[in-house]
Amino acid sequence: MEFAELIKTPRVDNVVLHRPFYPPVEGTLCLTGHHLILSSRQDNTEELWLLHSNIDAIDKRFVGPLGTIIIKCKDFRIIQLDIPGMEECLNIASSIEALSTLDSITLMYPFFYRPMFEVIEDGWHSFLPEQEFELYSLAISEWRLSYVNKEFAVCPSYPPAVIVPKAVDDEALRKVATFRHGGRFPVLSYYHKKNGMVIMRSGQPLTGTNGRRCKEDEKLINATLRAGKRGYIIDTRPLNVAQQARAKGGGFEQEAHYPQWRRIHKSIERYHILQESLIKLVESCNDQTQNMDRWLSKLEASNWLTHIKEILTTACLAAQCLDREGASILVHGTEGTDSTLQVTSLAQIILEPRSRTIRGFEALIEREWLQAGHPFQQRCAQSAYCNSKQKWEAPVFLLFLDCVWQILRQFPCSFEFNENFLIMLFEHAYASQFGTFLGNNESERCKLKLQQKTMSLWSWVNRPSELSKFTNPLFEANNLVIWPSVAPQSLQLWEGIFLRWNRSSKYLDEAYEEMVNIIEYNKELQAKVCVDIMTFPPKLHRRVTESMPVVRMLRPVACWMLQSPACGCRASVLPSRLLGTSPRQIPTDANFHSTSFSEADQQRVLITGGLGQLGVGLASFLRKRFGKDNVILSDIRKPPEHVFLSGPFIYSDILDYKNLREIVVNNRITWLFHYSALLSAVGEANVSLARAVNITGLHNVLDVAAEHGLRLFVPSTIGAFGPTSPRNPTPDLCIQRPRTIYGVSKVHAELMGEYYYYRYGLDFRCLRYPGIISADSQPGGGTTDYAVQIFHEAVKSGRFECNLRPDTRLPMMYIHDCLRATLEVMEAPAESLSMRTYNISAMSFTPAELAQEVLKHIPELQVTYNVDPVRQAIADSWPMNFDDSNARKDWGWKHDFDLPELVTTMLNFHGSESRVAQAN
Amino acid sequence: MEHIRTPKVENVRLVDRISSKKAALGTLYLTATHVIFVETAPDTRKETWILHSQIATIEKQATTATGCPLLIRCKNFQLLQLIIPQERDCHDVYISLIRLARPVKYEELYCFSFNPKLDREEREQGWMLVNLSEEYKRMGLPNDYWQLSDVNREYRVCDSYPTELYVPKSATAHIIVGSSKFRSRRRFPALSYYCKDNHASICRSSQPLSGFSARCLEDEQMLQAIRKANPGSDFLYVVDTRPKLNAMANRAAGKGYENEDNYSNIKFQFIGIENIHVMRNSLQKMLEVYLAVCELKSPSMSDFLWGLENSGWLRHIKAIMDAGIFIAKAVSEEGASVLVHCSDGWDRTAQVCSVASLLLEPHYRTLKGFMVLIEKDWISFGHKFTHRYGNLDGDPREISPVIDQFLECVWQLMEQFPCAFEFNERFLIHIQHHIYSCQFGNFLCNSQKERQELKIQERTYSLWAHLWKNRVDYLNPLFRADHSQTRGVLHLPTAPCNFMYKFWNGMYNRFEKGLQPRQSVTDYLVAVKEETQQLEEELEALEERLEKIQKVQLNRTKVRSKQSEPSKHSGFSTSDNSSANTPQDYSGNVKSFPSRSPSQGDEDSALILTQDNLKSSDPDLSANSDQESGVEDLSCRSPSGGECVPSEDSGKDRDSDEAVFLTA
């Protein structure tokens, strides 16, 4: 089937969009296979992109020729579209209707979605059962991983791998499966390390009216008990419901057959009762006309909070039995796919600190909901606005999230994630571009080949830029069991979900931002103090710390913070909260950010091409100056672990202008360092790519910088000169006719930057770097690489083959000088700069001179020459010596490292006790 | 002391209402000012102090096998159930407390014996902290339109008004006196709030004695003068905060409301806020709900929501807010002046004027400003504190939670505008507590005149000075003077958002710690901010030293620093570990479920004191001094520090690299 067949009218102009709290937007409405798009063609107004699968119901109305479509979404939002022309309106309405109720899963958006981000970690493999079992494995000796369900033959709704008692073999499991509803034999849900007790879950036993029993079942669950201990079976149904189930072949565990178990019946509602509760609740939340009294009674009549209370109470009871009574628990209702999972997963939130972290919670959802076979496809097919009475819909998962929110509200510092994380999960369970919540169980997901054909939600969420939006700034690891209050006074309506579209959250959002600011600033200071202390010569460490009691106290904190692997996600860059697709986060008034943050004189720095030879070093240099989180590295590549953990990192493609602009706006960037470029040797090998990156990329950067008033730094190079330039010395202004694409693009950059400066007032600053020598990063394909490689080889093999002639003189600089110069020129007052592009230099030497100096330290070094004609030709066209007198005069440039210091430093760095001794 | 029949009873049990299974054994003491319960448990010796003035009701219940239960309900919503072994002792305690809780003269009140060990000068300075003359000056008065009137010198015109009042310049003494004769209790229109920016003002008065047709030229001139004092608007709003029916009924008694025909250019408006009796009953109902909910074994959500709804409490809060919003909009958006009254103009009028002022004026949303606001609209304008809050034995029909409602309105606003207020919820709760405690002289008596006669300022201490001294406890960490929410008028949505108003758990359940969030965001942020400040100072000092050292230390040492292992993440844990670590009774009515062993359900009654707090000036506020000493289950606490120690990994090397790199 083609989507085009369903789209009767793909496009209508002059459509007006109405939403609460926003002025109406007029624009063009477009229908695509998966999206409804409304865009006003003016600048500065956002586009509305609505997934068809998010549409729960639509109403249409006509007043004269004007048609109105009211779209009610599964996330409870209601929007109104005024469409001129009755025919268009009817066409649009019927198209939407058809597209939002596609009956084939494989037509859903996840099968068509192509991610615009780099997948750092494939979410489909993030939480494999084996890994989860591994987490327990040290503590568990009585349990094993069973693959009895490998072909989904024993239990269609279980995953292939489940954890069961070691004492029970696969054959017995097969027998037990026939005795439990849906083949759902008891499996391990949670292992409580503190006392070795467990929570198991299953379907109801199929005792029927004549009291069938199954010896293997009894043996299986008894295997979880310690000698002389009793366990609890929590049946989520009231006794009478459980008794009635016997008539249909179901039932419950008889005392006589399970003497070591005590059964407790609770009453958690299911199916249409929950669905009706949701419908009533959302209806009353949307009703703006009622008075105070009716609101409370409607809230009461919806029974939503009653369900919350019952679920939470049952989960607390389970946790209490486990933790306080030291008893094992078996939880089931009828199928064991709904209320059972609510109870087991909430009990884990209460008991297990790991499940209160972001990854732990994701693992919990993967394990206790997805793998455990909660039928998401059925339960989330319709939401609060569905009219048709379908049997399988129920907000079971939403109730679970609501319960988590209630606990989060009572323990605001004990969760690594925030409310937005829960809201995001709710949205994706109902409509998503990701395949995670498709299908009803693992078996279906395998058949659909979701892993191959769709993207996992976790692949997207677990990127640092997304995580920062979901990280709770108040989080402090709390290793305790947390006992929430379930008293009626302690439970509240989850406004973030149910009143989200009915109230303005402006003031609450501001408060959240303020909170983040307070905490971020504190962390920044801690980091600064930490760095400062480490900067003290070691001998003085103690003296300093002793004389400063506060610092002594704080230092571990700061160090912990810097070193903790959690840094990656903790490096939450405040405003990136506004990034993203969630409608709540669309920045509606762009002025808001700039005014409310303008008072901060703190620079916010973005480095493009940040993974190159200079970017990482520059970042750590600038981070000392501006604070860790104020310097953002970006690149198109995957960062190495240590870079990723050292501070904010964002994926960016400088050829993607919108992406670049988004990063600049959302992170309130004030300074941009543009390091993306293909260097000389590599550039010659791939001219078209070099042209795209070095020239088109630069144009994007210039436009973004001009548009948002950024101060822009673009490095230039000795390569920007050519054979016709004066070579010894080379002044700032002279003939520049380079013969490499690298050089040409750099001259282009210098000229374009200067042009933008004169034409648009762009604060463009540029330094022509000589060859840069650094110890801790690999050279990136430049002509001056030999001067770095010689040190590597000198220490490693004692032999070095130079691919330039021994008398090739080139200007060179040690990285520390280079970084310092870069920061100094950027900080120089505008009035002190008489030009935009400066030469800087430190030293100038030939390979022979360098070898000579190295030989002083390593006399056995053998240097041979094997000239590479390409590199040699490039080098021969470059300056031998830079005249940097203007830089020295205008903004006080002064280098620290000459050749002897350089050689000493580099060799120390590469020496055995190596990396630290660099400072000697 | 003569009222204390028995000063001490032993073997009394204090019942914990949340986990009713256990009770603390201890000794009960009666003193001249407090009831004190001291637990006998040797290691804790927890103490519970109750001021006599906080006691609302005492109830002796039927004797059981275990003893004679005595139920004490407090005005600050604390509830104590004591079980006294001997019926005779219980009776003595009961009779003594009945008398002690209802003093008949001011001199019996705690503030006359309370001595925070301040010298005279400090006490006088304390009373000067809040100065209304300065407040009027801050508003920009006197000016071309408004002047200070001496017409009420020595309380000649109105004995429930202050002596210093601002009136329109054009209102002569003759007009004022004439108008006062036409107003209930001679409470003539006087200025409450003046908006410098657009000259609009809020004035307040009592109802006119209009009956069915009476007129008063001077009163009409008075309103005219108020209108003319605002050159920006050609009309004046007159807001009668009563329901229309009540106002009409008053006409039969020769009172009533302004007839728009008689007053030129006024717009008359009713806003139906119910009277003090309705409010009293409403609160009563709401408290009964939550008491019932607390006492039930497994309270249901429906009981709670139905009860809350039937009490009507939130509807009344909304009515007061609506009135405040109406007036604030009139002043800020229409630039019109408003005259507000109810019947006598000292209850609803005070509520509404202060809510409107709070919305309009950022200054009142600061700590100091809020004190000023209460001083102005409540204390000086003759809100009848003694009657309303039952400080002395009197007519129970006069009692009504009028200022409680105002404080709740402020809290509801704080929930809507988390960054707009300099103070936090605790500040409101402490003010509420002291309105009833009579520990400070501020809220004594029914008028300025009475306070002067009693020489309150010479004989008692000021609460404001006390709160100001401890202001760090009351600060809202999210408040920033330059924040957009702080500046200007607070705009609430005009659409009737009913879900805006919520049950104030923090006030009405404040002694039920188990029902509160177990971790306080406010406290956490305050701790972070304090640390930030220290860090700033240390950083500055460090950098200075570093500079000096770097000058000296040109030689770079090769010795690699052995970093000391970060030992413990000494962050701020505001998590209330003891209570967080104690499950409540989730078993509900499951009879088969075994009872927990005694050490497990250790839920603290909140009002527990340590010896230290005895010395502090207000022991009764221990609820907020957070003395938790519940039995902790140490076995379940893995050493939190250990987990945070990072292992020797590359990360560490990198950091030391960076550090050395930076010295280079």
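Just so you know, these numbers come straight off a predicted model, no measurement behind them.
- Between atom OG1 of residue T532(B) and atom CD1 of residue I518(A) there is a gap of 8.0 Å, rounded to the nearest 0.5 Å.
- The two residues L515(B) and A487(A) make their nearest non-hydrogen contact at CD2-CB, 3.1 Å.
- For the atom pair CD of E495(A) and NZ of K502(B), the computed distance is 4.0 Å after rounding to the nearest 0.5 Å.
- For E310(A), no part sits under 4.5 Å from any heavy atom of chain B, backbone or side chain.
- Residues T306(A) and S302(B) meet the side-chain proximity criterion, which asks for heavy atoms closer than 4.5 Å.
- Looking at E537(B), neither its backbone nor its side chain comes within 4.5 Å of chain A, counting heavy atoms on both sides.
- Checked against Y507(A) for a side chain to side chain contact (heavy atoms under 4.5 Å, CB included), the options Q485(B), E415(B), Q416(B) give a single hit: Q485(B).
- The contact between L499(A) and chain B is made entirely by side chain atoms (from C-beta outward), counting heavy-atom distances below 4.5 Å.
- At distances below 3.5 Å, at least one donor-acceptor pair connects side-chain atoms of Q519(B) with backbone N or O atoms of S414(A).
- Within the 4.5 Å cutoff, the side chain of P484(A) has no heavy atoms near those of the R518(B) side chain.
- Using a 4.5 Å cut-off between heavy atoms, L491(A) touches chain B through backbone and side chain atoms alike.
- For the residue pair E476(A) and Y524(B), a side-chain donor N or O sits within less than 3.5 Å of a side-chain acceptor on the partner.
- Q533(B) CD: 12 or fewer foreign heavy atoms inside a 6.0 Å radius.
- With a threshold of 4.5 angstrom between heavy atoms, N303(A) approaches chain B through side-chain atoms but not through N, CA, C or O.
- Looking only at side-chain heavy atoms (C-beta outward), P418(B) and L508(A) come within less than 4.5 Å of each other.
- Summarising the geometry, atom CG belonging to L535(B) is positioned 10.5 Å from atom NZ belonging to K528(A); distances are rounded to the nearest 0.5 Å.
- Most heavy-atom pairs under 4.5 Å with chain B: of the set R623(A), E641(A), M515(A), this distinction falls to M515(A).
- With contacts defined as side-chain heavy-atom distances shorter than 4.5 Å, the pair E309(B)/E300(A) does not qualify.
- A distance of 7.5 Å separates CD of E513(A) from NE2 of H483(B), quoted to the nearest 0.5 Å.
- Of the inter-residue distances, the one linking N310(B) atom CG with L296(A) atom CG reads 9.5 Å to the nearest 0.5 angstrom.
- Considering only heavy atoms from C-beta on, Q526(A) comes within 4.5 Å of E531(B) through its side chain.
- N505(B) and S490(A) make their closest contact through ND2-CA, 4.2 Å (heavy atoms, listed as atom of the first residue, atom of the second, distance).
- For P353(A), no part lies near chain B; criterion is any non-hydrogen pair under 4.5 Å.
- Between V528(B) and N522(A), the closest heavy-atom pair is O-ND2, 3.2 Å.
- Between F417(B) atom CZ and K506(A) atom NZ the span is 9.0 Å, to the nearest 0.5 Å.
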